[in-house]
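To start, the structure itself, in structure tokens.
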Number of protein chains: 2
Amino acid sequence: MTTFREDTIAAIATPIGEGGISVVRLSGSKAIEIADRAFRGRNSLASVATHTAHFGRFVNSHGDLVDDVVSTVFKQPHSYTGEDVVEVSCHGGMYLTKIILAELLDHGARMAEPGEFTKRAFLNGRIDLSQAEAVADLIKARTEAAQITSIQQLEGRLSSEIRILRERLINLVSLIELELDFVEEGLEFVTRSRITDEISVVEDRINSMIDSYGVGKIYREGVKVVLCGRPNVGKSSIFNMLLNSNRAIVTNIPGTTRDTIEESININGVIFTLNDTAGIRESDDTIENEGVLRTKAEIETADILLFIIDLSEGYTKTDSSIIENLAGVRERKLMIIENKCDLINGSYNEMISSGLRTREAIIVSAKTGFGLETLREKLSSLSANGSGLSDKSVIVTNIRHVNSLRDAHMNLEKAKLSLQGGCTGEFVALDLRATCNSLGEIIGEVTSDDILTNIFSKFCIGK
Amino acid sequence: MTTFREDTIAAIATPIGEGGISVVRLSGSKAIEIADRAFRGRNSLASVATHTAHFGRFVNSHGDLVDDVVSTVFKQPHSYTGEDVVEVSCHGGMYLTKIILAELLDHGARMAEPGEFTKRAFLNGRIDLSQAEAVADLIKARTEAAQITSIQQLEGRLSSEIRILRERLINLVSLIELELDFVEEGLEFVTRSRITDEISVVEDRINSMIDSYGVGKIYREGVKVVLCGRPNVGKSSIFNMLLNSNRAIVTNIPGTTRDTIEESININGVIFTLNDTAGIRESDDTIENEGVLRTKAEIETADILLFIIDLSEGYTKTDSSIIENLAGVRERKLMIIENKCDLINGSYNEMISSGLRTREAIIVSAKTGFGLETLREKLSSLSANGSGLSDKSVIVTNIRHVNSLRDAHMNLEKAKLSLQGGCTGEFVALDLRATCNSLGEIIGEVTSDDILTNIFSKFCIGK
């Protein structure tokens with residue numbers, strides 16, 4: 001491990017913006033000493049008990065008052081990071097908070113890297129790696145489902161399942177390896193059928209965790225919905241209808257939307273990120289062409305694609321050619337929305353028979369609101385490819401975890417093949433050890449600096 | 001006073017957004033009891049000492065874990081509000097923080113109104129009214145000058161100056177009124193010349209505070225700069241040049257900027273809010289015409305107006321007619337910027353002689369950056385109508401304070417007239433009492449519910 005934990009780090013721990021309170025956090029062996037250089041309270045922070053809060057003046061290096069603050073001291077090891085921590089709680093202005101941070105840096109603290117407080121908590125054994133990752137997920141949670149899966153992970157639900165499976169495998173490996181020591185005596189410490197049974201049990205539980213990822217990903221990241229289609233078919237109107245607001249500028253001029261606009265809605269506890277896009281057409285307008293390029297980029301990364309048709313014009317050649325050009329769309333979840341149903345009177349059957357209608361379309365009118373509920377229900381059902389949150393099961397929400405689980409699964413399969421192929425215990429043990437390592441990566445028992453850097457760099461600063 | 005302080009209030013005290021920590025704050029007689037309904041720590045918060053922090057689990061009404069939190073208890077009267085206060089510090093996610101607030105509201109807290117914590121601090125005598133206002137200013141401060149004037153006000157510098165002046169006047173009034181009791185004996189407790197002298201001294205100090213407001217307002221609110229002119233003269237390019245970024249989309253297509261774009265820069269410690277606007281012209285484009293209407297609204301409220309001319313086209317008729325139409329511009333600070341100087345070669349003198357050049361224009365090239373420093377210096381000098389921050393003088397930054405000071409000044413003038421007109425002491429005393437009341441409004445010794453409501457409604461929630 002590197003020596004980075006020898007210094008004391010500081011960062012603004014609260015969100016960036018204006019509020020009643022902001023907190024600047026220090027962690028490290030000199031946290032209290034550094035805070036004392038700027039803090040003027042009744043007592044020095046060095047002399048106070050752990051877990052106590054102290055009102056005082058925060059002064060700059062000229063001794064001028066910067067703000068009235070409350071400093072709270074947490075002495076090691078009973079702090080978030082396991083080190084000495086001081087939290088300086090000041091009036092929540094951005095400028096002010098930055099000045100306070102700057103003074104603490106001047107007094108010898110180093111600016112914390114993203115996630116460095118949590119990284120120290122992990123390195124000091126306060127939490128394991130999957131719990132550290134849960135902290136970041138908890139902060140980003142935007143729905144009850146995301147909050148519950150994150151707090152369960154932070155509580156250690158995933159970790160404890162992983163630990164149980166690792167322990168079973170390690171016990172099994174120990175017996176197999178013990179047998180190897182006594183191979184000449186021909187002693188059998190564990191029957192081949194017991195090994196197979198154990199592997200099956202572990203495999204089932206790994207599979208069920210891998211399966212939970214479909215739901216888990218949606219809970220954690222939400223569903224990306226992209227609205228696309230020709231200009232002026234009413235994409236922005238449908239966008240606004242779903243949002244129940246006037247977020248996008250709507251006019252009857254084709255090509256009004258230039259930038260891609262993104263907003264989120266919550267349908268039955270799942271976050272749908274809606275992307276309104278510029279209409280697809282050939283245009284001489286430089287700005288608009290830039291918009292169409294952005295539209296194509298959005299389509300590439302969509303989970304669900306809403307393709308909007310203007311019913312009053314029917315399915316045009318341009319509509320067909322756009323659909324043809326959307327390579328790969330069939331792999332995604334394409335929904336066709338027939339808009340402006342308020343403009344047609346009785347002639348709808350005719351429209352259907354003339355169109356390219358190969359799938360069920362949803363008929364709406366962004367103007368009257370007709371079809372909104374059907375659209376919301378369809379979105380919800382398209383995204384819900386799991387049975388929701390059960391009270392007991394572990395839900396895997398993190399791509400890193402599911403990748404490690406898949407590695408574990410692959411190594412288990414190898415172990416099974418080795419067994420079936422009549423290989424010696426040595427090979428089976430090797431595969432099972434590899435499985436243990438894959439599982440160990442999830443909770444950070446087996447890890448590398450690269451993995452850590454990658455995980456914690458995605459955190460916000462101050463966490 | 002109303003009975004509103006009988007209940008316990010709660011709000012998110014940290015800025016809205018994602019961060020490492022968010023704080024939900026409770027204040028009132030039941031703060032500790034309410035927090036204890038959701039907090040599961042080693043001890044109940046009711047049993048702990050004031051100014052101590054406690055790690056624990058925050059659970060919902062079903063007993064499910066919501067988050068791991070740290071609760072800090074401040075018992076009355078030694079808290080921000082002077083009441084029992086609990087600060088629940090949780091992981092800084094928006095959804096999570098809202099859930100924690102919602103649980104506390106369910107347990108009997110009431111959602112705090114904007115500024116209600118600080119209002120309680122004022123009503124409980126922890127701070128005076130001008131100090132309460134300083135809290136809001138401190139949070140909004142974006143420059144060192146704003147931070148220093150706010151913290152000086154929070155420290156009580158303005159309050160103490162006001163108190164000194166009030167005390168002098170009250171002493172004077174007491175003597176005059178005492179004299180009235182002994183009017184038949186013909187006793188004189190204070191000579192007319194002493195009264196005149198005292199009034200002069202107070203008047204001078206009130207005047208100097210009123211004078212400081214010009215600087216104070218700039219420190220507190222910054223300077224609003226609006227860039228305007230014909231389409232395609234380079235407004236957005238100059239905007240970007242001042243910002244040193246590509247914030248506004250720049251093309252060579254006239255009418256690219258539709259929405260008004262606003263960004264801030266700091267020149268010599270003063271915040272300039274730059275507003276890039278849509279070019280002014282007659283247009284058939286619905287969207288663009290809406291933009292021009294917004295431009296006109298921005299111009300109305302500008303402190304400094306930058307009128308951009310395209311040097312390569314010279315001063316056109318449209319330029320002249322725009323300037324003529326900008327009614328009231330002459331009252332503001334109009335700067336003419338001659339852009340695109342890179343496009344003209346030697347023919348500049350000619351351009352000048354043919355133009356409407358009635359004032360000094362600043363010649364720039366947004367393309368090459370020529371003239372940027374001159375422009376920044378000119379902006380800085382136009383805004384600096386004071387001598388900067390002196391160490392000792394009180395700077396008034398608040399329109400409410402300066403209005404009360406003006407009232408005080410007016411009443412002092414009346415007192416002087418009464419004296420000069422040979423009125424009896426009764427009249428002089430009346431005017432001086434009115435002066436005291438005006439000064440008392442600043443620190444809240446004389447106030448009304450309306451004034452309080454008005455002041456605190458401008459605070460953020462949670463402060």
The interface call for A/F117 against chain B, heavy-atom contacts under 4.5 Å, is neither
Greatest number of non-hydrogen atom pairs under 4.5 angstrom with chain B, of A/V23, A/D67, A/T72, A/D64, falls to A/D67
Less than 4.5 Å to any heavy atom of chain B: does that hold for the side chain of A/F74, its backbone, both, or neither?
side chain
Check ion pair A/E155-B/R57 (N to O, under 4.0 angstrom)
yes
Is chain A contacted by the side chain of B/T14, its backbone, both, or neither, given a heavy-atom distance below 4.5 Å?
both
Report yes if some heavy atom in the side chain of B/K140 is under 4.5 Å from a heavy atom in the side chain of A/E18; otherwise report no.
yes
Is A/T52 close to chain B through its backbone or its side chain, or both, or neither, when contacts mean heavy atoms under 4.5 Å?
both
Specify the closest pair of heavy atoms between B/C460 and A/G20, including all atoms of both residues, with the distance to one decimal.
SG-N, 4.1 Å
Mind checking the NE2-NE2 spacing from B/H54 to A/H51? Nearest 0.5 Å is all I need.
8.5 Å
pair B/E144-A/Y95: side-chain heavy atoms closer than 4.5 Å
yes
Contact summary for A/P15 and B/G19, nearest pair of heavy atoms
CG-N, 3.8 Å
Contact part of B/F459 toward chain A, heavy-atom cut-off under 4.5 Å: side chain, backbone, both or neither?
neither
When the 4.5 angstrom heavy-atom criterion is applied to A/D68 and chain B, the contacting part is both
Which one of B/D137, B/I151, B/L138 satisfies the side chain to side chain contact (heavy atoms under 4.5 Å, CB included) criterion with A/H91?
B/L138
Measure the spacing between CD1 of A/I12 and CD1 of B/I21 and express it to the nearest 0.5 Å.
12.0 Å
Under 4.5 Å heavy-atom distance to chain A, tell me which part of B/T97 shows up: side chain, backbone, both or neither.
neither
Chain A: which of B/L65, B/T118, B/L96 shares the most heavy-atom pairs with it under 4.5 Å?
B/L65
With chain A as the partner, which of B/V66, B/V135, B/I99 has the greatest number of non-hydrogen pairs under 4.5 Å?
B/V66
Counting only non-hydrogen atoms closer than 4.5 Å, does A/I16 touch chain B with its backbone (N, CA, C, O), its side chain (CB onward), both, or neither?
backbone
Is the count of non-hydrogen atoms from other residues, nucleotides or ligands lying under 6.0 Å from A/K98 atom NZ greater than 12?
no
